[in-house]
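Reading through the structure tokens given below for one structure.
Chain letters run A, B, ... following the sequence lines, proteins first and then strands; every chain starts at 1.
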There are 2 protein chains.
Amino acid sequence: MACENETAIVLREAGQKVTPQRVHILCEVRHSGVHITASRLIEELRTSHPFIDASTVYRTLASAADLGLVYETDMGSGESEFEWVGKDRHHHLICRTCGDVTSLDNSYLDGVATLLYEEAGFQADLGHFAIFGVCKSCQTKA
Amino acid sequence: MACENETAIVLREAGQKVTPQRVHILCEVRHSGVHITASRLIEELRTSHPFIDASTVYRTLASAADLGLVYETDMGSGESEFEWVGKDRHHHLICRTCGDVTSLDNSYLDGVATLLYEEAGFQADLGHFAIFGVCKSCQTKA
DNA sequence: GTCGCAAATGCAAGTCGTTGCAGTTGCAGC
DNA sequence: GCTGCAACTGCAACGACTTGCATTTGCGAC
Ligand SMILES: [Mn+2]
Ligand SMILES: [Mn+2]
Ligand SMILES: [Zn+2]
Ligand SMILES: [Zn+2]
């Protein structure tokens with residue numbers, strides 16, 4: 001239940017009202033593995049908190065993404081996937097051939113952010129990228 | 001009409017059947033400025049080729065994106081934007097404050113692709129990224 | 001504690017995009 | 001040119017997501 005309290009604090013700090021719906025939705029995002037789609041979230045909440053409407057889920061996720069509390073990323077499935085923004089900033093490498101998803105430390109793109117700031121004066125927010133390509137093992141198989 | 005012929009050739013080389021619908025849809029993508037959404041495309045085709053069904057437009061754009069004939073990018077509007085893959089590979093910087101969109105030469109991310117290949121053996125396809133952040137003039141105003 | 005109001009929610013209708021299927025068509029082989 | 005078949009299309013039903021509006025509620029001010 002530490003999660004509930006902490007989520008409430010984060011919401012309050014972001015200038016949002018702390019409603020039970022929001023706390024349940026965002027705690028579910030935090031607890032349910034890494035990435036989760038809106039429809040899967042709705043499905044899981046249906047059993048634990050059946051009174052929460054789907055539109056509330058969509059609205060909560062959208063505003064949380066705007067406020068930078070969660071990442072919203074297209075991992076190639078067609079549906080956006082959401083992830084709580086924790087301490088470990090990262091990106092993902094996604095293989096177009098086998099579908100394998102791996103994580104990539106934020107530091108790989110630090111150089112790009114620095115370069116953009118120096119050359120264009122642009123303060124880039126390289127939050128949580130999905131980088132598509134072909135993984136090592138799929139290349140050797142070909 | 002050079003566009004029609006060239007598009008037909010590209011389709012054939014990609015192993016697709018050359019149908020009038022596909023040629024019209026992809027030529028419209030090529031001609032209509034830089035980025036275009038599916039719904040705007042459907043609207044424009046309604047006047048010139050009213051017989052083309054919306055589902056055909058969506059399917060054509062999806063398969064063209066899979067084949068690497070067009071880029072499909074979320075520029076922040078909520079709708080995917082499509083762009084014909086021409087000679088000039090580029091990315092975009094999008095300001096979250098003023099909405100300004102600028103282009104960025106592909107070379108800025110070349111280093112990342114090299115790094116990913118050397119360190120992870122991952123052959124990244126850094127096609128057409130939308131990089132969000134705050135532009136120079138919006139930073140100075142703040 | 002209670003009041004008042006802006007913000008958030010639930011509901012229902014609406015829009016956007018996807019999918020299954022039956023009919024059509026491009027095109028390779030003859 | 002014809003033929004045959006897999007690929008493609010249009011249609012209609014469907015699922016995903018959004019939006020307008022009346023009601024409820026969190027929470028700051030008293
Ligand atoms: Mn992630
Ligand atoms: Mn572009
Ligand atoms: Zn792979
Ligand atoms: Zn700006």
Side-chain angles (χ1 to χ4, degrees), chain A residues 4-5 7-29 35-46 48-67 69-70 72-82, chain B residues 4-5 7-29 35-46 48-67 69-70 72-82:
Chain A
E4 270 76 0
N5 294 332
T7 303
I9 292 169
V10 171
L11 274 172
R12 211 182 306 275
E13 283 176 353
Q16 302 258 105
K17 282 191 182 173
V18 179
T19 68
Q21 289 92 331
R22 281 186 178 160
V23 173
H24 289 134
I25 292 165
L26 294 179
C27 284
E28 192 67 37
V29 173
H35 304 135
I36 187 168
T37 65
S39 46
R40 172 120 181 282
L41 194 49
I42 289 167
E43 196 184 329
E44 292 191 1
L45 286 167
R46 188 162 27 231
S48 56
H49 306 279
F51 60 92
I52 300 181
D53 192 75
S55 66
T56 300
V57 175
Y58 287 112
R59 278 191 275 231
T60 297
L61 290 172
S63 76
D66 279 350
L67 293 166
L69 305 184
V70 299
E72 176 179 1
T73 311
D74 174 14
M75 309 283 287
S77 74
E79 276 187 84
S80 283
E81 304 195 8
F82 295 86
Chain B
E4 270 77 359
N5 294 332
T7 303
I9 291 169
V10 171
L11 274 173
R12 212 182 306 273
E13 282 176 353
Q16 301 259 106
K17 284 192 181 173
V18 179
T19 68
Q21 290 92 332
R22 281 187 178 161
V23 174
H24 289 134
I25 292 164
L26 294 179
C27 283
E28 193 67 37
V29 173
H35 305 134
I36 186 167
T37 64
S39 48
R40 175 121 178 282
L41 194 49
I42 289 166
E43 196 185 329
E44 292 190 2
L45 285 167
R46 187 159 33 228
S48 56
H49 306 277
F51 60 93
I52 300 182
D53 191 74
S55 67
T56 300
V57 174
Y58 287 113
R59 278 192 274 230
T60 297
L61 290 173
S63 76
D66 279 349
L67 294 165
L69 306 183
V70 300
E72 175 177 3
T73 313
D74 174 12
M75 309 283 287
S77 74
E79 275 187 86
S80 284
E81 305 195 8
F82 295 87

**Prompt:** Would a 4.5 Å heavy-atom cut-off, applied to side chains only, mark A/T60 and A/T19 as touching?
**Reply:** no
**Prompt:** CD of B/Q16 versus P of C/dT25: gap in Å, rounded?
**Reply:** 19 Å
**Separation between CD1 of A/I42 and CD1 of A/I36, rounded to the nearest 0.5 Å** = 10.0 Å
**Complete:** Quick tally for nucleotides 9-20 of chain D: nucleotides whose base has a protein heavy atom under 4.0 Å get B, sugar-phosphate-only ones S, the rest -, giving BBB----SSBBB
**Message:** Can you give me the bend angle of the helix from C/dG1-D/dC30 to C/dC30-D/dG1? Use the axis through the first five pairs and the one through the last five, nearest 10 degrees.
**Reply:** 50°
**B/S39-B/E79 side chain donor-acceptor pair, cut-off 3.5 Å** = yes
**Request:** Work out which heavy atom in B/I25 is nearest to a heavy atom in B/V57; give both atom names and the distance.
**Result:** CD1-CA, 3.7 Å
**Nearest-angstrom distance from the residue atom NZ of A/K17 to P of C/dT9** = 9 Å
**Item:** Residue pair A/L69 / A/V10, side-chain heavy-atom distance below 4.5 Å
**Value:** yes
**Message:** In terms of relative ring orientation, are A/H49 and A/H24 parallel, tilted or perpendicular, with 30° and 60° separating the classes?
**Reply:** parallel
**Request:** Grab the CD-P distance between B/E43 and C/dT15 for me, whole Å please.
**Result:** 14 Å
**Request:** Using atom CD of B/E72 as one end and atom C1' of C/dC16 as the other, report the distance to the nearest whole Å.
**Result:** 14 Å
**Request:** In whole angstrom, give the distance that lies between atom NE2 of A/H24 and atom P of C/dG10.
**Result:** 12 Å
**Message:** Return the CG to OG distance between B/L61 and B/S80, rounded to the nearest 0.5 Å.
**Reply:** 9.5 Å
**Asked** For B/K17, does its backbone N or O pair with a side-chain atom of B/R22 as donor and acceptor, under 3.5 Å?
**Response** yes
**Asked** What integer distance in Å separates A/L26:CG from C/dT9:P?
**Response** 10 Å
**Message:** A side-chain contact here means heavy atoms from C-beta on lying under 4.5 Å apart; do A/Q16 and A/L67 qualify?
**Reply:** yes
**Message:** Rounded to whole Å, please give me the gap between CD1 in B/I25 and P in D/dC8.
**Reply:** 12 Å
**Request:** Check the distance between D/dA7's P and B/D66's CG and give it to me in whole angstrom.
**Result:** 15 Å
